[in-house]
Amino acid sequence: MSRFKCLVAGVALALGMSSAAHAAEPLQAGFVYIGPTGDHGWTYSHDVGRKEVDAKFGDKVKTQGIENVPETADSERVFRDLASKGTKVIFATSFGYMNQMEKVSKAFPKTVFMHATGYKSGKNLGTYDVRTYEGAYMLGVVAGKMTKNGKLGVVGSFPIPEVIRNINAYTIGARSVNPKVTTRVVWVNTWFDPGKEREAALTLIAQGVDVLMQNTDSPAIVQAAKEKGVYAFGWDSDMSKFGDKAHLAASVLHWGTIYNETVEKVLAGTWKPTPIWYGVKQGAVNIEAFGPAVPADVKKLAEERRDGIKAGTLHPFAGPLKDQAGKEFVAAGKSLPDSELAKMNFYVEGVEGSVPK
């Protein structure tokens with residue numbers, strides 16, 4: 001073989017090896033978290049989903065989770081840094097990241113951006129969420145059966161539709177089995193602050209509440225319930241180890257259902273910014289980790305309600321339903337459409353106090 005042919009063959013071989021190496025490069029997927037992954041709560045449940053991506057795709061995908069990113073300009077920096085380093089799909093796991101992610105998505109049109117619980121979208125910006133209100137409804141059914149005095153409490157994070165919807169669903173579920181139940185809310189204006197969460201829980205307990213739910217991330221509420229001899233629920237994950245007999249059950253989120261589907265579509269080149277809102281039917285939320293204080297018949301009832309939601313025969317916001325002022329907002333035989341659920345800004349009948357402005 002001539003020196004020229006050897007050179008050509010060598011270049012071809014090098015190019016082939018380069019192409020093969022490039023083809024073997026894993027898809028980079030980034031997950032941006034509002035808090036620490038820990039072993040409980042919202043961020044933990046998302047990180048469990050990230051690990052499910054690792055398990056499903058193996059060497060085809062390389063994931064990275066970034067913890068404790070504030071919902072400020074810091075998040076914009078993190079999104080931009082991930083995209084500039086070749087991350088092909090970025091998941092923002094908190095509502096307050098929305099505007100920053102939208103801005104960065106426009107600067108990196110070849111990167112897929114996915115924002116949890118938001119409503120803004122674009123050509124390469126999609127939204128995803130879990131129907132957490134279905135979990136709240138099921139917890140409400142248990143609460144309605146377990147309360148001794150009919151006084152329920154919720155530690156709320158921020159007064160946004162997602163959280164208001166959960167408070168309402170919790171109350172609807174409870175009143176479906178105990179019509180005299182009322183719900184009180186204390187807002188802490190944070191997703192994760194164990195000190196504030198504990199203080200809010202103790203305030204509700206001092207007001208006579210004997211069953212607590214939360215829309216915050218730490219186990220402080222469950223711990224306070226254990227200390228004061230009342231009941232509470234795990235939120236987003238099983239929190240039974242923090243509450244022992246005080247822990248009645250947990251609304252557990254399974255984000256891997258969404259993450260695996262999204263990554264698969266990105267790998268296949270078929271991803272589109274179609275909104276995702278999965279619930280019990282898709283296996284994205286479930287009532288789990290029932291505690292020893294819950295009687296068998298109450299557990300059975302909650303699971304029957306879950307099965308009804310899964311089958312489509314039960315909707316937590318099925319009429320007739322009235323708002324706090326006694327005005328009917330869902331007629332009998334009807335259920336509230338997603339478009340109305342997505343912008344909920346009022347309390348239902350049975351919730352005390354007023355929604356912060």
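Note that the structure is a prediction, hence the values are computed from the model and not measured.
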Salt bridge [X]-[Y], side-chain N to carboxylate O under 4.0 Å:
X: Asp54; Y: Lys62; result: no
X: Asp244; Y: Lys226; result: yes
X: Glu288; Y: Arg306; result: no
X: Asp47; Y: Arg50; result: yes
X: Lys56; Y: Glu52; result: no

4.5 Å side-chain heavy-atom contact, [X] and [Y]:
X: Lys120; Y: Asn99; answer: yes
X: Leu301; Y: Val177; answer: yes
X: Ile164; Y: Val355; answer: yes
X: Pro219; Y: Ile221; answer: no

Going by atom types only, do Ser176 and Arg305 share a side-chain donor-acceptor pair under 3.5 Å?
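There is such a pair (donor and acceptor under 3.5 Å, judged by atom type) between the side chains of Ser176 and Arg305.
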
Does either side chain, that of Ser94 or that of Glu71, offer a donor lying less than 3.5 Å from an acceptor on the other one?
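Side-chain D/A pair, Ser94 to Glu71: present.
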
Take atom NZ of Lys245 as the centre, draw a 6.0 Å sphere, and report whether it contains more than 12 heavy atoms from other residues, nucleotides or ligands.
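No, not enclosed.
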
Apply side-chain contact (heavy atoms from CB on, under 4.5 Å) to the pair Val252 and Asp236, showing each step before the final yes or no.
CA-CA 5 Å; Val252 180; Asp236 300 331; over 6 Å; no

Check: [X] side chain, [Y] main-chain N or O, donor-acceptor pair, under 3.5 Å:
X: Glu134; Y: Val280; value: yes
X: Asp129; Y: Thr117; value: no
X: Glu76; Y: Lys103; value: no
X: Glu199; Y: Gly195; value: no
X: Trp42; Y: Thr93; value: yes
X: Ser157; Y: Asn215; value: yes
X: Ser84; Y: Arg80; value: yes
X: Gln207; Y: Val209; value: no
X: Thr127; Y: Tyr119; value: no
X: Glu197; Y: Ser218; value: yes

Mind checking whether Tyr259 and Phe91 have parallel, tilted or perpendicular rings, split at 30° and 60°?
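The rings of Tyr259 and Phe91 stand perpendicular, inter-plane angle above 60°.
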
For the pair His315 and Phe317, name the ring-plane relationship: parallel under 30°, tilted 30 to 60°, perpendicular over 60°.
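If you compare the ring of His315 with that of Phe317, the planes turn out perpendicular.
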
Can you name the nearest heavy-atom pair linking Leu202 to Ala224, along with the distance?
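Heavy atoms only, the tightest pair is CD2-CB, 4.2 Å.
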
So which atom in Pro273 and which in Leu125 form the shortest heavy-atom distance, rounded to 0.1 Å?
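Minimum heavy-atom separation between Pro273 and Leu125: CB-O, 3.5 Å.
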
Could you pull out all residues at least two apart from Arg165 that satisfy side-chain hydrogen bond (donor to acceptor under 3.5 Å, both in side chains)?
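Per chain and number, Arg165 pairs via side-chain hydrogen bond (donor to acceptor under 3.5 Å, both in side chains) with no residue.
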
So which pairs with a foot in residues 272-285 pass side-chain hydrogen bond (donor to acceptor under 3.5 Å, both in side chains), sequence neighbours left out?
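Only Glu261-Tyr278 qualify under side-chain hydrogen bond (donor to acceptor under 3.5 Å, both in side chains).
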
For residues 320-339, which residue pairs pass the side-chain hydrogen bond (donor to acceptor under 3.5 Å, both in side chains) check, not counting sequence neighbours?
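For residues 320-339, and leaving out neighbouring residues, the side-chain hydrogen bond (donor to acceptor under 3.5 Å, both in side chains) pairs sorted by first residue read Arg131-Asp338.
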
Show the numbers, then the answer: is there a side-chain contact (heavy atoms from CB on, under 4.5 Å) between Val32 and Leu82?
CA-CA 10 Å; Val32 181; Leu82 283 169; 3.8 Å; yes

Return the set of residues passing ring pair (Phe, Tyr, Trp, His ring centres under 6.0 Å) with Tyr44 (not counting sequence neighbours), or none when no residue passes.
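Ring pair (Phe, Tyr, Trp, His ring centres under 6.0 Å) list for Tyr44, sorted by chain: empty.
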
Please list, chain by chain and in numerical order, all residues satisfying ring pair (Phe, Tyr, Trp, His ring centres under 6.0 Å) with Trp191, sequence neighbours excluded.
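In terms of ring pair (Phe, Tyr, Trp, His ring centres under 6.0 Å), with neighbours along the sequence ignored, Trp191 is linked to Phe158.
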
Supply the atom-to-atom distance Met138 CE to Glu303 CD, rounded to the nearest 0.5 angstrom.
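Reported value, rounded in 0.5 Å steps: 10.0 Å.
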
Hey, could you give me each pair passing ring pair (Phe, Tyr, Trp, His ring centres under 6.0 Å) that has a residue in residues 92-115? Not counting sequence neighbours.
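The answer is Phe79-Tyr97.
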
Please say which of Leu27, Thr111, Val61 ends up in a side chain to side chain contact (heavy atoms under 4.5 Å, CB included) with Val266.
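Result for side chain to side chain contact (heavy atoms under 4.5 Å, CB included) with Val266: Leu27.
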
